[in-house]
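Quick one: structure below, then a few questions.
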Amino acid sequence: MESAGFWRLLGGMRQVVLGGETDWAGWRTATRALVLAGVGPGDVEWVVGGVPDALPEVAGSFNVPRALVGLAGLAIQAREPVRFGLLYRLVWRAHRGEVVLDDPDMALAGRLAHAVRAEAHRMRTHMRFMALGDGFLGWYAPAHFVLEANAQLIVRRFPAWPLTIVTSDGSAHWDGGRLWFGAGLAQACDDETLRAWWEAHADAILADARDGTSVPEAEDLDEAPRPPDRPALGPVVFPVASDPALADARLQAAGCERCDLCDAATQTVFGEGPADADVMFVGEQPGDQEDMIGRPFVGPAGQLLDRALEEAGIDRRAIYITNAVKHFKFTLRGKRRIHVSPSPEEIAACGFWLETERGRVRPKLVVLMGGSAARGVLGRAVAVTRERGQAIMLADGQVVFVTVHPSYLLRVPEGEAQLREYRAFVRDLVAVRGLLGV
Ligand code: SF4
């Protein structure tokens with residue numbers, strides 16, 4: 001029944017060659033054939049690397065619990081060399097009618113599956129992207145082999161943009177219509193190196209999608225300069241607060257699950273700016289571009305704010321800027337992600353981080369841009385048009401100032417009305433400058 005070369009015979013052992021670390025289809029097919037051929041777990045060796053040969057036709061019926069198949073699909077992504085044999089042993093025993101649901105093998109497989117699930121979530125929430133032409137490029141070093149499953153998930157969320165995810169295990173590329181995988185970067189790298197790698201290999205990668213040719217081999221970038229931390233990218237690089245407690249809060253917030261918004265968003269977008277800033281600007285939540293890039297106010301509303309700040313004589317590099325809610329809330333309309341305002345509950349949940357930022361920066365003045373920002377700090381619904389332009393002293397002595405969110409200006413019909421609203425916004429910022437005494 002065995003076709004030549006399906007598995008290699010090494011003495012009495014069958015050596016099964018899988019096509020890759022996550023060769024789920026190969027493992028399933030081989031497992032089915034091995035079990036039906038009566039090959040016990042002790043007689044099988046699993047190796048990764050090489051092109052699997054033709055698979056044998058093996059007759060017979062094969063049944064294992066659906067839950068075990070689901071568990072194996074996750075656990076096979078674990079960076080644990082014994083997983084193929086462990087999972088085969090479980091399937092072999094289940095097929096023979098043994099109860100496997102609460103024994104040590106099952107417990108280990110469960111732990112592996114749990115670790116993979118956690119790493120998949122971490123990858124989604126910790127990945128940072130840089131803008132690259134009309135698309136995005138990101139790098140991540142996964143603890144487990146979660147690239148393929150996660151790439152599909154990320155692509156489903158951003159179907160309209162070309163996207164490349166580079167990891168130490170491989171890379172995933174999406175051109176708006178096709179998803180394909182290639183080689184990765186063997187070592188962690190900084191943004192400049194990542195960009196250089198893309199520029200060196202983009203033609204081959206794109207040709208791989210067109211022609212089905214292979215992408216370059218993984219490279220060892222030991223010689224490449226590598227700063228300890230990748231800086232966030234965006235139109236302009238601003239200083240990130242140097243306060244250790246704030247830096248720690250930023251790290252903690254990256255894995256925050258206080259509300260459900262972390263599920264669909266790409267990453268936490270924490271505030272940025274000097275930790276001793278005199279003024280803190282608070283917006284509502286990251287937008288589409290902020291979510292991808294990982295920095296607040298870098299999209300169209302941020303660019304409008306930059307312009308208004310400049311006209312008002314306020315240096316953006318001197319302000320601390322953040323949002324009431326740190327994850328992007330949206331709904332899909334076709335391929336586009338459309339902004340959805342956060343609920344009072346979500347604003348309250350994320351208030352923990354805003355309070356942490358306020359408590360560490362202790363600015364003289366907090367500028368609340370829009371209703372969500374005002375609710376985040378004042379803890380109540382605020383009619384922005386009525387309370388706009390007023391300086392309000394809080395119980396803790398901090399002064400806040402309410403104005404509109406710059407995205408409001410983008411929604412006003414172009415023309416005179418928009419210009420009028422923009423001028424009013426700049427006047428508010430001039431008043432902010434006056435309150436600061438500069
Ligand atoms: S929106 Fe805020 S509270 Fe909710 S998960 Fe994100 S960081 Fe946490």
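Indexing begins at 1, ligand by ligand and atom by atom, following the structure's order.
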>> Under 4.0 Å between a side-chain nitrogen and a carboxylate oxygen: does that hold for Glu284 and Arg375?
In response: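 Looking at Arg375 together with Glu284, the answer is no, because their closest N to O distance does not fall below 4.0 Å.
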> Any salt bridge between Glu355 and Arg358, counting N to O under 4.0 Å?
Replying inline: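 Looking at Arg358 together with Glu355, the answer is yes, because their closest N to O distance falls below 4.0 Å.
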> Do side-chain atoms of Thr403 reach the backbone of Asp428 as a donor and acceptor pair under 3.5 angstrom?
Replying inline: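 Here the side-chain-to-backbone pair does not exist.
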>> At less than 4.0 angstrom from any non-hydrogen atom of Cys350, what atoms of ligand 1 do you find?
In response: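 Close to Cys350: 1 (S), 2 (Fe), 3 (S), 7 (S).
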> Heavy atoms only: which of Cys262, Ala349, Gly351, Cys259 is nearest to atom 4 (Fe) of ligand 1?
Replying inline: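 When every heavy atom of Cys262, Ala349, Gly351, Cys259 is considered, Cys259 comes closest to atom 4 (Fe) of ligand 1.
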> Looking at atom 8 (Fe) of ligand 1, is one of the N, O or S atoms of Cys256 less than 2.8 Å from it?
Replying inline: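 Coordinating: yes.
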> What atoms in ligand 1 come closer than 4.0 Å to a heavy atom of Val325?
Replying inline: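 What qualifies from ligand 1 is 1 (S).
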> Considering Gln252, His327, Glu257, Gln285, which one's heavy-atom position lies nearest to atom 6 (Fe) of ligand 1?
Replying inline: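 Among Gln252, His327, Glu257, Gln285, the closest heavy atom to atom 6 (Fe) of ligand 1 belongs to His327.
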> Any salt bridge between Glu346 and Lys329, counting N to O under 4.0 Å?
Replying inline: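 Counted as a salt bridge, because a side-chain N and a carboxylate O are separated by less than 4.0 Å.
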> So which of Arg83, Arg111, Arg93 actually passes salt bridge (charged side-chain N to carboxylate O under 4.0 Å, His left out) with Asp105?
Replying inline: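 One option only clears the test, and that one is Arg93.
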